[in-house]
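Quick notes on the structure that follows.
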Amino acid sequence: MSIQNSGQYFYAESAADIEEAIKAFPEVADMKYFRQSVCKCRHAVFRLYLDEDAGYCIRECTRCSYRHVLVDGEDLQDEAVPELVMCVCDFDQFEVMGAVSVYDDSPDDARQFALGCRCVGCGIAGVYATWLSHWCGDEDEPGWSSYLAGM
Ligand SMILES: [Zn+2]
Ligand SMILES: [Zn+2]
């Protein structure tokens with residue numbers, strides 16, 4: 001047992017436990033594939049700038065400051081109004097994991113996306129955003145895989 005449900009919060013010991021925390025959220029219980037965000041510098045702790053309504057999130061590496069727009073959000077930057085994500089403990093640095101569900105009749109394609117985060121200050125992990133993916137793959141790669149490649 002590596003996450004603890006303490007009232008409304010889940011305390012996770014490591015980034016790997018974010019998957020368990022996501023699965024514990026009823027709204028996204030059908031998530032099937034998971035991928036942790038790792039910067040090109042190999043660091044995996046980020047500040048996040050999120051606009052859930054737009055389906056848009058930037059991660060900013062806390063070591064090298066490289067910024068990356070998650071999954072398919074690149075086209076949304078003109079309409080999105082991202083805000084810095086803060087934990088309830090007032091810290092702003094997270095390990096990040098994306099998850100997708102798939103369609104019953106199209107198990108290669110991404111249906112819904114969930115953004116799971118674990119605060120590295122206090123260990124609280126949870127789902128910070130969800131949105132519809134509607135992402136289809138091609139003959140080379142299934143949609144869930146190419147969608148999560150953008151984590
Ligand atoms: Zn980096
Ligand atoms: Zn925290």
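First listed ligand is number 1; within each ligand, the first listed atom is number 1.
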* Check whether more than 12 heavy atoms from other residues, nucleotides or ligands sit under 6.0 Å from atom CD of Glu83, and answer yes or no. => no
* To the nearest 10 degrees, could you say what angle the Zn ion (ligand 2) makes with SG of Cys87 and SG of Cys89? => 110°
* Indicate the ring-plane relationship of Tyr147 and Phe113, choosing parallel, tilted or perpendicular according to the 30° and 60° boundaries. => perpendicular
* **From CD (Gln36) to CD (Glu19), nearest 0.5 Å** => 11.0 Å
* To do: Over 60° means perpendicular and under 30° means parallel, so classify the ring planes of Phe25 and Phe10, tilted if in between.
  => tilted
* **Under 2.8 Å: N/O/S of Cys39 next to the Zn ion (ligand 1)** => yes
* To do: To 10°, measure the SG(Cys64)-the Zn ion (ligand 1)-SG(Cys61) angle for me.
  => 110°
